[in-house]
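The model shown is predicted, which means the values in this text are computed figures rather than measured ones.
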Amino acid sequence: MTKNPTWISDWRPEDEAFWNATGKTIARRNLIWSIVAEHIGFSVWLIWSIVTTKLPQAGFHYTTDQLFQLVAVPGLIGALMRFPYTFAVTTFGGRNWTIFSAAILFIPTLSLAYFVSQPDTPFWLMLLIASTAGLGGGNFASSMTNISFFFPDRMKGWALGLNAAGGNIGVSSVQLLTPILMTLAVFNLYQATPVDGIFLQNAGLMWVLPIAIAVLGAVFFMNNLTTAKSSVKNQLAIVKRKHTWIMAYLYIGTFGSFIGYSAAFPLLIKTQFPSISISIAFLGPLVGSLSRPFGGWLADKVGGSIITFWNFILMAAATVGVLYFVGQKDFIGFLSMFLILFVTTGIGNGSTYRMIPSIFREQNLFKARGKGDAERAAALKTASIESGAAVGFIGAVGAVGGYLIPSGFGKSIALTGGPQLALAIYLSFYASCLALTWWFYLRRSPQGEGAPSLAEARV
């Protein structure tokens, strides 16, 4: 094997000797650069969560509901992009797709930099420009699918959790750095011109160099795996699997909440607590991102379904807290409850993602039971392909929360004057997620013919 071949044909992560000799080093190198590219993708995806809060000050006359739509539409486009991105890795190769998916991020960043300096831009055009930021949302699906092939099953929870957290924390980066770079004239990127004292263009221009680094890193340090090649038809088999849809629903509850709340949080603070600086908003996605690997680690130790179940209880409790304090106009209580809610979204992200490969592994091994080693090996390969496709597909469905939550807040405020109606709906949704988790993954009951006991397997 050459030092860094573009395509690797011999890849056996479950073989401990191979893993210790060469596999571990290659897998970690690909994980690092996958995280870099995904981090920037998430940053670009959520860039409008900050930009929208400054548009009125810069002379843009949009309504509050329209501002929430500008925040929400990248979430919808990002979710839709995740479907083709999921299958791109097994068609074009993980390295090749990372190069492409990172390079096209120049489109949303440079178009934003131009149009935010034109206050007469009509809302429909600005909505179109904002939608291109959704390209960054697709990166997660291809990145997670790719990394799932590199690591052995016993390490998937840790690896996928780390990869996702590295990407998720891009939300915190963009919400921490963008307000600084937009308002301080000392950071006059590429001779940008201020609009009413705000360097709004910097929100896009600040990502030009990082995007270039991510592209070059993928070119020189990442690999494609021939063992990850599979037809789209084979992967689409997951659409017929019951548990694909159940897990997708649960993932709307965890990741959909994370990305949705992250997108809406700055504007929610701006509308409900006008005297508070939005610069504090980065704390939410920060704690949510940092808790994700912890959720994956706990799931590896205890079982994903158990962690997911108790996590939904905590999510519901935190939502009740947010409802109470936003009604009281108590910012400290509101912020505290929201930070707890963000932590639970991160833990839930890690635990639900750990459940996916376990479910597909158990179901395929159950079918091969008693049929010999060859059938078992084939079942494990099928499980790897299916779970790789499933993590991307489920991630795509879950990302719809990035649209539903900010849009829901906008509609709630427009109809009732506050976000309480939206929060009450989200609370009832978490209750349904809790019930589904117990019914399908923790309830110990007789299984039908051909159905493994997922509760016994502690998926």
Side-chain angles (χ1 to χ4, degrees), residues 75 79 82 140 157 160-161 164 168 238 241-264 284 288 291-292 294-296 298-299 302-323 337-338 340-360 390-391 393-409 412 419-445 454-455 457-459:
R82 287 183 171 199
F140 176 85
L160 291 174
N168 291 173
I238 55 129
R241 306 280 190 263
K242 174 179 68 176
H243 292 285
T244 300
W245 295 100
I246 297 167
M247 291 306 302
Y249 189 89
L250 298 183
Y251 202 58
I252 294 174
T254 55
F255 179 76
S257 294
F258 170 80
I259 202 66
Y261 290 138
S262 294
S291 63
R292 180 159 189 160
F294 180 64
L298 274 178
V302 180
S305 55
I306 295 171
I307 300 302
T308 299
F309 178 82
W310 287 103
N311 191 71
F312 275 124
I313 292 176
L314 291 175
M315 288 185 77
T319 305
V320 171
V322 173
L323 259 169
M337 288 298 105
F338 235 120
I340 293 171
L341 185 54
F342 269 110
V343 168
T344 59
T345 65
I347 292 173
N349 286 341
S351 63
T352 50
Y353 245 63
R354 182 62 187 94
M355 289 170 68
I356 298 165
S358 298
I359 290 167
F360 281 91
V391 293
F393 182 85
I394 290 166
V397 177
V400 172
Y403 173 77
L404 295 176
I405 286 180
S407 184
F409 279 134
S412 179
Q420 288 93 330
L421 175 61
L423 285 164
I425 293 170
Y426 307 153
L427 178 61
S428 63
F429 181 74
Y430 299 145
S432 69
C433 290
L434 183 68
L436 279 174
T437 304
W438 176 79
W439 183 265
F440 287 103
Y441 305 116
L442 291 176
R443 181 176 59 105
R444 296 181 184 273
S445 63
L454 297 176
R458 293 174 62 156
V459 297

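Aromatic pair Tyr426/Tyr430: ring centres not closer than 6.0 Å. Between Phe140 and Tyr353, the distance from one ring center to the other falls under 6.0 angstrom.
Looking only at side-chain heavy atoms (C-beta outward), Phe258 and Thr254 stay at 4.5 Å or farther from each other. Taking the side chain as every heavy atom from C-beta outward, Leu250 and Phe312 approach each other to under 4.5 Å. Two residues are said to be in side-chain contact when any heavy atoms from C-beta on lie closer than 4.5 Å; Tyr441 and Thr308 fail this criterion. The shortest side-chain heavy-atom distance between His243 and Leu454 falls under the 4.5 Å cut-off. Contact of the Ile347 side chain with the Arg292 side chain is not registered, since no non-hydrogen atoms from C-beta on lie closer than 4.5 Å. Looking only at side-chain heavy atoms (C-beta outward), Leu436 and Trp439 stay at 4.5 Å or farther from each other. In this structure, the side chains of Ile252 and Phe429 come closer than 4.5 Å at one or more pairs of heavy atoms. A 4.5 Å side-chain heavy-atom check between Thr352 and Phe255 finds every atom pair outside the cut-off.
Pairing each heavy atom of Pro406 with each of Ala263, the nearest pair is CG-CB, 3.9 Å. Taking every heavy atom of both residues into account, Ser305 and Leu442 meet most closely at OG-CD2, 3.5 Å. The heavy-atom pair separating Ile394 from Ala248 by the smallest distance is CG2-CA, 3.7 Å. For the pair Ser257 and Ile405, the tightest heavy-atom approach, listed with the atom from each and the gap, is CA-CD1, 3.6 Å. Between Leu323 and Gln420 the shortest heavy-atom distance is CD2-O, 3.6 Å. Taking both residues in full, the closest heavy atoms of Arg82 and Ala396 are given as CB-CB, 3.2 Å, listed atom of the first, atom of the second, then distance.
Proximity of a side-chain donor or acceptor of Asn168 to a complementary backbone N or O of Ala164 within less than 3.5 Å is detected. Side-chain atoms of Thr344 never come within 3.5 Å of backbone atoms of Asn311 as a donor-acceptor pair (strictly under, hydrogens ignored). The backbone N or O of Ile238 lies less than 3.5 Å from a partner atom in the side chain of Thr244, making a donor-acceptor pair.
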Evaluation steps, side chain to side chain contact (heavy atoms under 4.5 Å, CB included), between Asn349 and Tyr251: CA-CA 7 Å; Asn349 286 341; Tyr251 202 58; 4.0 Å; yes

Verdict with supporting geometry, Phe342 and Ser291, side chain to side chain contact (heavy atoms under 4.5 Å, CB included): CA-CA 9 Å; Phe342 269 110; Ser291 63; over 6 Å; no

Evaluation steps, side chain to side chain contact (heavy atoms under 4.5 Å, CB included), between Leu160 and Arg354: CA-CA 8 Å; Leu160 291 174; Arg354 182 62 187 94; over 6 Å; no

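Taking CG of Leu427 as the reference point, atom CE of Met315 lies at 10.5 Å (rounded to 0.5 Å). Atom CD1 in Ile340 sits 11.0 Å away from atom OG1 in Thr319 (nearest 0.5 Å). The line from CZ of Phe338 to OG1 of Thr345 is 10.0 Å long, rounded to the nearest 0.5 Å. Summarising the geometry, atom CG belonging to Leu341 is positioned 8.5 Å from atom CG belonging to Leu423; distances are rounded to the nearest 0.5 Å. The distance from the CG atom of Leu434 to the CG atom of Leu314 is 10.5 Å, given to the nearest 0.5 Å.
Applying the 6.0 Å contact sphere to CZ of Phe440 captures more than 12 heavy atoms from other residues, nucleotides or ligands.
Side-chain contact, Ser432 with Tyr249: a donor N or O sits under 3.5 Å from an acceptor N or O.
Taking the six-membered ring where the residue is Trp, Phe409 and Tyr261 present tilted rings, their angle falling between 30° and 60°.
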